[in-house]
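Residues take their numbers from the sequence shown, with the count starting at 1.
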Amino acid sequence: MSEPTVLSDLAANLQPTDGAALISDTFTQATASVQLRTNVAEAAAHARDLLWCYARPRAPRTPASRHLSVHRTPHLNTQRLNALFSAAPHQEIGPNLTAAVLPAEHGATLYWAEAQTTLICASADLGEVNAYCASTQAATYWCSRLTRQAMTGQLLARGAVYAHAAALSITGHGVLICGPRGAGKTTTLLAALRHLGADYVTNDRLLIWPGAEPGAQLTAYPWPDRMRAGVGMLSAIPDLADLVPASAQHLSTEQLWAVRDKVSIAPGDFPRLLHGGTLAPSCRPRLMVWPHLDPAHAGVRATPVPPHEVARTLTATRLFMRDPTGAVSSRINHWLFPAPSGTQHLKAAISALAEQVPCYRIQTTGDRRVLAEQIATLLAAIR
């Protein structure tokens, strides 16, 4: 089965029929770039909103490294596609989503995601990817996800690594808030945003990049996504309490803090989290904190973590992307734009963090003002 055979067989069904013009955006982050084209205005707008930290230059100086096209194609012949891919192997391509996969001519690959009614055609070098979607919903899903994966794949190939961390910037000084799930990263982040006027970088995941040149300065870039926050924490902040779902607003304070499900906050609402700060598309780490919040703690205690312990912990947890004791790992699925194998990049990033960025373990209650004051004190000591 070849791509020309499949696509020529379906050619009449792969043409958009609504006459909508193509919308084109070029996104950049560090040295990565992606050009996205789509005939679905809603999908283009959603991609711009979700991928808030990607710059969109009006006139890029160099061509984009990856070209994505997402077409709303209402008359896909799903019966024919199901028949063509009936014996093809399946591959996971997202949460609860698989695709049947066929090789094509010249090294290209075809993916048929029946659940999303989408046919994706990827060139051998992944420089060109076309997605044909039967609905606006599917086009909206793929515009942001394919763009983000294409961007992240480039950075990972050039030496960046994932870190499970929140991050902020205070007068140009980046603070990484790291730890396993439930350590108090989001509470610590909100404390600095609300009481120190910090700039928001990310709540959950970063790309740490030591840089392409020897001696380059460590930089952290957000992996764009919605923010997830606990209902107990949101209910405790008066001007954010309306984000708590109506189904939980009748609960007592104790019950709210016990709710395990988190609220998903869209990037459009991120400015509500700030008090004088802005949204920052990157930061230069100057301080790393590992919070441990427990109501039983008396006062606040900040203990320096020696570089060798920092390196050992970050290595064992892959920058907190996994929990060796609980076997819980943060989800990574580069099904289309694969991440490089091996640990060379991971070792380089961990070495840079351990050697260049002072780290402190903070033990305290969840009092946001106390947390903010402690971060300000630590930053002042290392400047």
Please table the atom pairs, donor to acceptor, closer than 3.5 Å between any side-chain atom in residues 227-242 and protein atoms at least two apart or in another chain.
from	atom 1	to	atom 2	distance (Å)
Ser235	OG	Val231	O	3.1
Ser235	OG	Gly232	O	2.8
Asp239	OD1	Arg194	NH2	2.4
Asp239	OD2	Arg194	NH1	3.4
Asp239	OD2	Arg194	NH2	2.7
Asp242	OD1	Arg272	NH2	2.6
Asp242	OD2	Arg272	NH1	3.2
Asp242	OD2	Arg272	NH2	3.4

Would you tabulate the side-chain donor-acceptor contacts of residues 136-144 under 3.5 Å, counting partners in other chains and residues two or more places apart, or write 'none'?
from	atom 1	to	atom 2	distance (Å)
Thr136	OG1	Arg72	NH1	2.6
Thr140	OG1	Thr136	O	2.9
Trp142	NE1	Thr118	OG1	3.2

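Under the 3.5 Å distance criterion, with hydrogens and angles disregarded, no donor-acceptor pair is assigned to the side chains of Thr303 and Arg361. Judged by distance alone, the side chains of Asp204 and Trp223 never bring a donor and an acceptor atom under 3.5 Å apart. Side-chain contact check for Ser351 and Glu355: at least one donor-acceptor pair (N or O, by modelled atom type) lies under 3.5 Å. A donor atom on one side chain and an acceptor atom on the other are found under 3.5 Å apart for Gln35 and His67.
Taking every heavy atom of both residues into account, Ser169 and Cys283 meet most closely at CB-CB, 4.3 Å. A pairwise comparison of heavy atoms in Ile362 and Leu378 identifies CD1-CD1, 4.0 Å as the closest pair.
Hydrophobic clustering, defined by side-chain heavy atoms of Ile, Leu, Val, Met, Phe, Trp and Tyr closer than 4.5 Å, leaves Ile23 isolated from every other such residue. Residue Leu176 is found in a hydrophobic cluster whose other members, listed by chain and number, are Val161, Val201, Leu206, Ile208, Leu218, Met288, Trp290, Val305, Val310, Leu314, Leu319, Phe320, Leu346, Ile350, Leu353, Val357; membership requires side-chain heavy atoms under 4.5 Å apart, directly or through intermediates.
Inter-residue side-chain proximity for Val40 and Val70 is flagged as unmet; no heavy-atom pair is nearer than 4.5 Å. Side-chain atoms of His334 and Thr152, non-hydrogen and from C-beta on, do get closer than 4.5 Å to each other. The shortest distance between side-chain heavy atoms of Pro222 and Gln29 falls below 4.5 Å.
Checking side-chain atoms of Arg158 against main-chain N and O of Thr31 turns up a donor-acceptor pair under 3.5 Å. In this structure, Ser135 contributes its side chain and Cys133 its backbone to no donor-acceptor pair below 3.5 Å. Side-chain atoms of Lys185 come within 3.5 Å of backbone N or O of Pro180 as a donor-acceptor pair. Under the 3.5 Å distance criterion, the side-chain polar atoms of Gln154 are matched with a main-chain donor or acceptor of Ser33. Side chain of Gln149 to main chain of Leu336: a donor-acceptor pair is present (N/O by atom type, distance under 3.5 Å, no hydrogens or angles). Side chain of Trp112 to backbone of Leu102: no donor-acceptor contact under 3.5 angstrom is found. Panel note: side chain Arg369, backbone His195; no donor-acceptor pair is recorded below 3.5 Å. Under the 3.5 Å distance criterion, the side-chain polar atoms of Asp199 are matched with a main-chain donor or acceptor of Thr278. A donor-acceptor pair is defined here as one N or O able to donate and one able to accept, closer than 3.5 Å; such a pair exists between the side chain of Thr202 and the backbone of Arg205. Although no hydrogens or angles enter the test, the distance criterion places a donor-acceptor pair under 3.5 Å between the side chain of His345 and the main chain of Leu156.
Every residue was checked against the salt bridge (Lys or Arg N to Asp or Glu O under 4.0 Å) condition with Asp269, not counting sequence neighbours, and none meets it. Scanning for ring-ring contact (aromatic ring centres under 6.0 Å, His included) contacts around Phe27 gives an empty result, with sequence neighbours left out.
A cation-pi arrangement is not found for Arg318 relative to Tyr162, the charged atom failing to lie both closer than 6.0 Å to the ring centre and inside a 45° cone about the ring normal.
Rounded to the nearest 0.5 angstrom, Leu190 CG and Asn203 CG are separated by 7.5 Å. Between the CD atom in Glu114 and the NE2 atom in His90 there is a gap of 7.0 Å [rounded to 0.5 Å]. Atom-to-atom distance recorded for Arg301:CZ and Thr364:OG1 is 12.5 Å, nearest 0.5 angstrom.
By the criterion of side-chain heavy atoms lying less than 4.5 angstrom apart, applied directly or through intervening Ile, Leu, Val, Met, Phe, Trp or Tyr residues, Leu119 is not grouped with Val101; the two fall into different hydrophobic clusters. Leu110 and Leu126 are not part of a single hydrophobic cluster, where members link through side-chain heavy atoms under 4.5 Å apart. Under a hydrophobic clustering in which Ile, Leu, Val, Met, Phe, Trp and Tyr are joined whenever their side-chain heavy atoms come within less than 4.5 Å, directly or via other members, Leu207 and Met151 fall into different clusters. When the side chains of ILVMFWY residues are joined at heavy-atom separations under 4.5 Å, either directly or via intervening members, Leu251 and Val263 end up in a single hydrophobic cluster. Linking ILVMFWY side-chain heavy atoms closer than 4.5 Å, directly or via other members, places Tyr132 and Trp335 in two distinct hydrophobic clusters.
Atom CZ of Arg312 is surrounded by more than 12 heavy atoms from other residues, nucleotides or ligands within 6.0 Å. Shown here is Gln344, whose CD atom has no more than 12 heavy atoms of other residues, nucleotides or ligands within 6.0 Å.
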Next item on the list: Just do the side-chain contact (heavy atoms from CB on, under 4.5 Å) check on Val34 and Leu146 with the steps written out, would you?
Entry: CA-CA 10 Å; Val34 174; Leu146 289 176; over 6 Å; no
